[in-house]
Amino acid sequence: MLTLTYEYKAIPTLEQIQQIEHTLTVCRKVWNFALRERKDWLNSRKCAVNACSIVSEYITPIDTPYPNYYEQANSLTREDSRIFGT
């Protein structure tokens with residue numbers, strides 16, 4: 001059996017390059033926003049109660065749930081104007 005493969009090279013126009021870069025920027029901002037939420041939640045629960053510093057540790061309410069997919073999707077829709085600048 002003979003399998004043929006083809007290679008294509010995309011040569012986008014200047015407008016397409018700008019659109020691709022905009023899309024990648026939005027993806028990067030969404031990823032970083034979600035990652036920051038998770039890191040803040042983890043850092044706020046990382047140290048022992050008798051060793052935490054009020055000055056240098058994250059202080060978040062103890063009843064704040066871990067930011068799962070659905071909670072982050074909801075917070076992203078609330079924050080979209082700040083993130084995307086619209």
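Once rounded to the nearest 0.5 Å, the distance linking CD of Glu37 with CG of Leu42 reads 12.0 Å.
Contact record, Phe33 with Ser75: CE2-OG, 3.7 Å, taken as the closest heavy-atom pair.
Taking Ala34 as the reference, Arg38, Gln72 meet the side chain to side chain contact (heavy atoms under 4.5 Å, CB included) condition, with sequence neighbours excluded. For Thr25, there are no side-chain hydrogen bond (donor to acceptor under 3.5 Å, both in side chains) partners two or more places apart in sequence or in a different chain.
With a 4.5 Å cut-off between side-chain heavy atoms of Ile, Leu, Val, Met, Phe, Trp and Tyr, the cluster of Leu35 takes in Trp31. Cluster partners of Ile17, using a side-chain heavy-atom cutoff of under 4.5 Å among ILVMFWY residues and allowing indirect links: none. Cluster note: Tyr70 groups with Tyr69 through ILVMFWY side-chain heavy atoms spaced under 4.5 Å, whether in direct contact or through intervening members.
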Output side-chain donor-acceptor pairs under 3.5 Å for residues 7-16, partner residues at least two apart or in another chain, one line each.
| unit_1 | atom_1 | unit_2 | atom_2 | d |
| --- | --- | --- | --- | --- |
| Thr13 | OG1 | Gln16 | N | 3.3 |
| Gln16 | OE1 | Thr13 | N | 2.9 |

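Of the residues Lys29, Arg36, Arg28, the one that meets the side chain to side chain contact (heavy atoms under 4.5 Å, CB included) test with Asn32 is Arg28.
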